[in-house]
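Each ligand, and each atom within it, is numbered from 1 in the order the structure gives. The first residue in the sequence is number 1, and the count goes up from there. Atom set for the values below is all heavy atoms of this structure, side chains included, hydrogens, waters and symmetry mates excluded.
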Amino acid sequence: MNVDIGNALASVASPGLSRDSLERLDEQVAVAHERIERGMANEEHGYEALNLPERTDPDAVRSAVEPVADAEALITVGIGGSALGAATITDALADESDTEAVYLDNVDPEWVSSQLERLSLEETAINVVSRSGTTAETLANFLVVREAFEEAGVDWTERTIVTTGESSPLRDLSERHDLPSLSVPDGVPGRFSALSAVGLVAAELCGHDIEALLEGAAAERETLAGSLFDCPAYAYGATAYALDQRGAGINAMLPYAESLETFAEWFAQLWAESLGKDDLGQTPARALGVTDQHSQLQLYRAGPRDKLVTFVSPGETDDRPIPTTDVEDLAYLGDASLGSLLEAEFEATEASLAAAGRPNVRLELERVDEYELGGLLYAMEAACVLAGELYGVNTFEQPAVEWAKKATRGLLGGGEFAEAEAVAEKTELRVER
Ligand SMILES: O=P(O)(O)OC[C@H]1O[C@H](O)[C@H](O)[C@@H](O)[C@@H]1O
């Protein structure tokens with residue numbers, strides 16, 4: 001992945017950066033890099049995620065998937081970090097696959113039922129993924145899926161893979177039913193686990209080259225260096241952090257490929273859960289080029305000066321010519337293709353933001369394939385770890401999420417009532433029709 005931070009500089013942007021301020025920040029980047037390398041070398045919690053390109057064993061993934069290799073669909077039952085990495089990969093590469101990847105993360109009953117009703121369950125495999133093995137949504141959806149298989153007369157134990165952490169209730173279940181199981185590696189938080197078995201099971205079953213994903217990530221790992229001017233991932237992380245310090249508290253992620261829409265969702269969890277603590281952090285906003293040019297661009301160019309826009313250029317794509325027409329007003333489209341139109345819109349939008357003094361950064365892929373995608377995921381994780389060091393927060397915890405998790409359990413009678421009572425006692429100000 002390459003990164004162009006030119007449009008984040010003060011000459012064109014406000015709240016922009018100057019080259020001098022980036023050079024001063026680079027001293028902090030050097031210190032942060034040493035800390036990151038030390039954490040990786042000592043396999044410390046969180047930092048260990050940046051070792052995944054060397055640690056992940058593609059053969060273990062392949063043998064777990066083997067019994068269901070002919071499945072027409074794979075239901076991944078998981079949420080947050082246990083679903084979004086895998087979904088980013090299979091959505092980005094969906095065109096190359098005959099196997100449908102379905103993700104049951106939400107517990108919206110109508111949606112879950114509609115998915116189970118439309119799939120042919122005897123041709124479907126299940127991967128239940130939870131690092132903790134205790135997430136209510138995942139366990140509830142798994143129980144529902146299991147029951148649907150039983151009702152359809154399909155032996156779910158023949159079609160289920162379990163991906164979980166070491167001391168998890170799901171591990172006991174996989175042992176009891178002798179299910180193929182994979183580990184969420186120790187020291188790897190869910191949102192940093194895309195390049196472990198968590199992200200790779202669906203990719204493998206859908207026929208993607210998981211080695212190439214890891215190779216792309218390993219190549220990015222090689223670029224980690226003590227200066228933001230030598231390392232694209234750090235250039236991004238440091239620029240995003242520095243712009244936030246100047247008021248760009250929102251980071252709008254704007255990939256210019258339909259296939260990368262889920263990547264923006266994955267990035268949102270990574271950035272929000274990792275950096276949003278101690279009253280600090282930068283709010284990720286999900287967007288899609290060119291669609292959001294026609295819905296959000298007005299705000300990005302002329303609204304509050306509180307945003308960084310991150311463009312993702314997908315590089316080479318299959319193209320499709322635009323047919324010629326004798327309608328005079330449309331003649332300019334005559335020599336164009338959908339691809340060249342998309343590219344022109346991308347450049348025009350970047351320039352329009354820059355001209356209005358709105359900072360933006362461009363992440364460049366050569367194309368959307370396994371290698372480039374592995375590099376992009378790794379680079380964003382490294383960028384996030386660097387940003388966490390610069391903010392001085394604990395990047396790898398998410399204590400604020402736990403409160404609501406416990407309260408939900410409490411409301412359902414599963415203990416931890418202190419939080420549940422707080423929910424029940426909330427102040428109400430209802431306006432009724
Ligand atoms: O993998 P699990 O333990 O089921 O966790 C799934 C998700 O749960 C919570 O919402 C955490 O905040 C996320 O970071 C995590 O990815």
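- Using a 4.0 Å cut-off to heavy atoms of Gln398, the atoms of ligand 1 that qualify are 12 (O).
- Residues Asn360 and Tyr300 bring no donor and acceptor atom of their side chains to less than 3.5 Å of each other.
- Open room surrounds CD on Glu343; 12 or fewer heavy atoms of other groups in view lie less than 6.0 Å from it.
- Within the listing of ligand 1, atoms 1 (O), 2 (P) sit less than 4.0 angstrom from a heavy atom of Ser82.
- For atom 10 (O) of ligand 1, the closest non-hydrogen atom of the protein is Val401 CG1, 3.6 Å.
- The heavy atom nearest to atom 7 (C) of ligand 1, out of those in Leu170, Ile79, Asp105, is found in Ile79.
- Taking atom 5 (O) of ligand 1 as the reference point, the nearest protein heavy-atom neighbour is Thr135 OG1, 3.5 Å.
- Under the 4.0 angstrom criterion for non-hydrogen atoms, Gln269 is in contact with ligand 1.
- Around atom CD of Glu54, more than 12 heavy atoms belonging to other residues, nucleotides or ligands sit under 6.0 Å away.
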Indicate every side-chain donor-acceptor pair of residues 219-238 with a distance under 3.5 Å to a residue at least two apart or in another chain.
unit_1, atom_1, unit_2, atom_2, d
Glu220, OE1, Met1, N, 3.2
Thr223, OG1, Glu220, O, 2.6
Ser227, OG, Asp26, OD2, 2.8
Ser227, OG, Phe229, N, 3.0
Tyr234, OH, His33, ND1, 2.9
Tyr236, OH, Asn251, ND2, 2.8
Tyr236, OH, Thr310, OG1, 2.7

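- Considering only heavy atoms from C-beta on, Ser181 comes within 4.5 Å of Arg171 through its side chain.
- Of all protein heavy atoms, the one closest to atom 8 (O) of ligand 1 is Lys405 NZ, 3.3 Å.
- In this structure, the protein non-hydrogen atom closest to atom 3 (O) of ligand 1 is Ser132 OG, 2.6 Å.
- Taking distance alone, with nitrogen or oxygen atoms compared against 3.5 Å, Ser130 approaches ligand 1 more closely than that limit.
- Here the side chains of Glu261 and Arg286 are not in contact, with every heavy-atom distance at 4.5 Å or above.
- Summary of contacts: the protein heavy atom closest to atom 11 (C) of ligand 1 is Glu273 OE2, 3.6 Å.
- Contacts classified as ring pair (Phe, Tyr, Trp, His ring centres under 6.0 Å) and involving residues 186-227 (residues at least two apart or in different chains) are given here: Phe192-Phe396.
- With 3.5 Å as the limit, one finds a donor-acceptor pair spanning the side chains of Tyr103 and Thr90.
- Here Arg131 has heavy atoms under 4.0 Å from ligand 1 in both its backbone and its side chain.
- With respect to atom 16 (O) of ligand 1, the closest heavy atom belonging to the protein is Gly81 N, 2.8 Å.
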